[in-house]
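Below: one structure, written as structure tokens.
In the text below, chain A, chain B and the rest are named by the order of the sequence lines, each starting its count at 1. Computation of the quantities below employed the complete heavy-atom set of this structure, encompassing side-chain atoms and omitting hydrogens, waters and symmetry-equivalent molecules.
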Amino acid sequence: MAKQKIVTLMTDFGEEGPYAASIKGVLLQGIPSAVIVDITHRVPTYDVLAGAFILAQAAPYFPADTVHLVVVDPGVGTDRNILVARCGRQTFICPDNGVLSMVVESARLEAIVSVRNPRFMPLPGEAMTFQGRDIFAPLATYLLNGLDIHVLGPEPEVYKVLDIPRARDDESGIFGRVVFVDHFGNLITDIPGEMVRNRQWDLERLNVRCGGIDVGKIRGTYGFTKPGQKLALFNSMSLLEVAVNMGRACDVLNLGVGAEVSVTFDDRPGFERG
Amino acid sequence: MAKQKIVTLMTDFGEEGPYAASIKGVLLQGIPSAVIVDITHRVPTYDVLAGAFILAQAAPYFPADTVHLVVVDPGVGTDRNILVARCGRQTFICPDNGVLSMVVESARLEAIVSVRNPRFMPLPGEAMTFQGRDIFAPLATYLLNGLDIHVLGPEPEVYKVLDIPRARDDESGIFGRVVFVDHFGNLITDIPGEMVRNRQWDLERLNVRCGGIDVGKIRGTYGFTKPGQKLALFNSMSLLEVAVNMGRACDVLNLGVGAEVSVTFDDRPGFERG
Amino acid sequence: MAKQKIVTLMTDFGEEGPYAASIKGVLLQGIPSAVIVDITHRVPTYDVLAGAFILAQAAPYFPADTVHLVVVDPGVGTDRNILVARCGRQTFICPDNGVLSMVVESARLEAIVSVRNPRFMPLPGEAMTFQGRDIFAPLATYLLNGLDIHVLGPEPEVYKVLDIPRARDDESGIFGRVVFVDHFGNLITDIPGEMVRNRQWDLERLNVRCGGIDVGKIRGTYGFTKPGQKLALFNSMSLLEVAVNMGRACDVLNLGVGAEVSVTFDDRPGFERG
């Protein structure tokens with residue numbers, strides 16, 4: 001049996017109009033047996049940072065050679081480049097706007113090109129193009145069929161990388177911020193679990209604060225708290241998360257993306273967090 | 001041709017984050033040709049009763065041997081069990097929280113086990129797991145490939161069944177409540193059509209009330225009413241439904257899940273409902 | 001390898017309940033290898049015009065012989081007909097309510113029938129049917145398997161066509177209206193790009209007004225404007241669109257479906273729009 005060809009879509013198009021469906025139609029015209037998976041079409045409009053985060057969290061779980069078609073594109077209609085990258089043995093097609101920033105941090109970037117080959121671009125003077133449908137989708141079918149990405153164009157001299165807030169770790173503690181609010185209202189931070197574990201602190205004596213609000217120590221899981229109680233925990237992405245058991249932390253704490261988070265150690269003798 | 005392997009997802013994750021997509025990635029890593037169908041990712045957050053209702057309404061329409069992966073899980077992170085059940089010739093993977101309650105009412109429960117076999121569980125001390133992605137999805141691929149569910153663990157001595165409101169039928173009438181409000185604002189009740197038909201009442205002389213509001217008699221269909229008019233009818237689930245033609249009954253009547261519904265017979269001579 | 005069988009769904013059911021999933025279950029019972037694609041389940045409730053627009057924009061991108069199953073149906077439960085049409089080498093199953101109006105404008109209508117053959121209809125006296133699940137979905141599987149649509153019933157003497165607002169073109173200018181507001185808040189009009197181009201006007205001297213508000217000339221693309229600036233452009237559907245760069249035109253201009261749009265030419269010597 002031929003290898004299954006898997007393509008994901010991640011966009012900020014929403015699902016209410018014809019845009020995502022028309023991309024799927026083009027993909028199926030090219031490869032009727034393609035497996036098409038929506039990562040999401042609800043990246044907040046034009047929010048490249050949120051897109052970068054979601055993509056980096058979802059992509060690694062897909063099989064090798066999956067093609068990820070990404071359209072979160074505040075620069076549509078400008079002459080920003082189109083990038084195709086091989087990273088972590090998968091292929092990414094996206095605008096050159098930084099949406100790959102978190103993917104390339106966590107997996108090996110094997111190759112990256114800027115699409116220049118006119119064979120894969122609309123002719124000048126043609127009708128306005130919808131790049132996702134008219135360029136990215138046909139490109140995806142070529143790539144799924146084994147096209148070498150170096151045929152598409154040269155390696156770019158520079159490509160955009162987001163200036164991503166990054167947790168820092170100094171003697172007074174660990175300092176980061178909220179990078180994503182999920183469907184449950186959980187505040188997901190950029191503080192990796194290993195940054196905390198590397199300190200070999202006694203977890204019982206840590207204090208987490210978020211947006212100036214005391215969240216207490218780091219718990220193993222929701223199960224150690226009561227409904228309505230605030231807690232900090234390492235989530236399934238191995239990131240520090242501020243949550244409210246059975247509630248919406250973003251509403252209870254009135255905080256969102258960008259809120260500052262700290263993890264500090266209290267070394268007073270006898271101190272233990274409640 | 002090998003039999004198609006079909007797996008559905010029903011969760012309260014929403015579609016805006018990476019959670020549902022990462023489950024799909026794991027499924028495709030295990031079985032690249034798997035057919036993945038979303039039942040919904042918008043079960044109201046932590047609402048096991050709504051999940052139980054939607055699952056019981058959707059699952060029976062899928063082919064035999066479909067695997068249903070269900071994550072509506074207010075108890076995530078506690079030590080509640082993971083259940084795998086064979087019911088109505090399909091397979092269900094879900095937390096032990098009652099979300100199967102309505103499925104097992106309407107189809108034969110052939111087998112049920114509590115997942116205990118360490119081969120299918122994360123090792124203690126591993127990073128925090130996202131059970132849907134790290135346990136349920138791999139389990140689904142094993143089950144789709146024919147794993148006998150009894151390998152997973154023993155039959156549980158007890159498992160959770162929701163204390164579901166249930167329509168009752170006495171000499172004064174039939175009494176139930178609203179169990180689901182759909183996208184159109186229709187108020188779907190727990191009163192089965194056959195409970196009404198068994199009384200062999202003259203439908204023209206029935207009176208339906210919902211939340212204390214008179215809804216009139218039971219109509220064959222929307223077509224017998226005018227736009228804006230309230231009506232009661234047996235819906236496509238064979239349940240009594242309170243609706244407003246071209247409107248949203250939940251808003252017009254200001255009622256929701258839990259509202260009481262009655263069907264009574266007026267035996268006054270000459271009486272006929274308008 | 002057998003030809004892939006592709007079926008799309010377009011409904012106003014939303015995704016939160018069991019309705020769309022139960023249709024998919026029936027499709028997979030009939031054809032386990034069917035490729036099911038959601039065009040959208042969020043056509044505004046009962047809005048046949050919006051459905052007609054989305055369908056006409058998405059369908060042409062799908063392969064020949066795709067079956068489109070359409071349920072936007074304010075007349076459910078009345079005795080309106082069910083139509084099956086071959087148009088543009090694809091097959092459409094829908095209520096006879098005008099939802100096909102824009103598809104048949106842009107592609108050749110090869111055949112159309114009103115479903116009458118009792119073999120494909122529920123028996124009188126059966127439980128209330130959910131037509132999408134109980135009639136349309138089984139029909140789709142027969143049609144995907146090659147059923148000749150003429151078996152289903154006769155050509156209807158009349159079928160409903162929407163009285164669609166249509167752009168008009170006279171010596172004083174071009175006059176149309178907004179027909180769709182997309183996820184980005186863009187106001188999409190019914191003025192085709194070619195209607196403007198046919199006038200061979202100097203684009204620099206055109207003036208677009210929408211709902212009485214001056215939008216300026218027609219730009220090549222967003223890239224020629226600043227964030228927050230209003231603009232008119234030909235979009236990827238080759239329709240005139242009123243937008244706000246990085247903003248929501250529907251909110252900024254406080255306009256929606258039905259708003260009047262004009263394109264006029266200023267022939268004063270030396271005049272040039274900013």
Engaged part of Tyr46(A) at the chain C interface, taking heavy atoms whose separation is under 4.5 Å: side chain
Could you pull out the closest heavy-atom pair between Met237(C) and Pro18(A), with the gap in Å? CE-CG, 4.1 Å
Residues 48-59 of chain C: residues contacting chain A (heavy atom under 4.5 Å, by number): Ile54(C), Gln57(C), Ala58(C)
His183(C) NE2 to His41(A) NE2 distance, which is reported to the nearest 0.5 Å: 10.5 Å
Where on Pro44(C) is there a heavy atom nearer than 4.5 Å to chain A: the side chain, the backbone, both, or neither? neither
Which heavy atom of Arg42(C) sits nearest a heavy atom of Arg42(A), and at what distance? NH2-NH2, 3.4 Å
With a 4.5 Å heavy-atom cut-off (strictly below), which parts of residues 81-90 of chain A touch chain C? List them by number. none
Tell me, side chain or backbone of Ile6(C) under 4.5 Å from chain A's heavy atoms, or both, or neither? side chain
If you draw a 6.0 Å radius around CD in Glu194(C), do more than 12 non-hydrogen atoms from other residues or ligands fall strictly inside? no
Is the Phe184(C) ring parallel, tilted or perpendicular to the Tyr19(A) ring (thresholds 30°, 60°)? tilted
Mind listing the closest non-hydrogen atom pair of Pro32(A) and Val35(C) along with its distance? O-CG2, 4.2 Å
Would one find more than 12 heavy atoms of other residues, nucleotides or ligands at under 6.0 Å from atom CD of Gln29(C)? yes
Qualifying side-chain hydrogen bond (donor to acceptor under 3.5 Å, both in side chains) pairs, either residue in residues 240-250 of chain C, two or more places apart: Asn186(C)-Glu241(C), Tyr222(C)-Glu241(C), Thr225(C)-Asn245(C), Asn235(C)-Glu241(C), Arg248(C)-Asp251(C)
Can you tell me which portion of Ile188(C) sits under 4.5 Å from chain A's heavy atoms? Options are side chain, backbone, both or neither. side chain
Asp12(A) versus chain C, heavy atoms under 4.5 Å apart: side chain, backbone, both or neither? both
By side-chain contact (heavy atoms from CB on, under 4.5 Å), Tyr61(A) pairs with (sequence neighbours left out) Ser22(B), Val26(B), Arg133(B)
Work out which heavy atom in Phe130(A) is nearest to a heavy atom in Ser236(C); give both atom names and the distance. CB-CB, 3.1 Å
Could you check whether atom CG of Asn145(C) has more than 12 heavy atoms from other residues, nucleotides or ligands sitting under 6.0 Å from it? yes
Heavy-atom side-chain proximity of Val37(C) to Ile36(A) below 4.5 angstrom: no
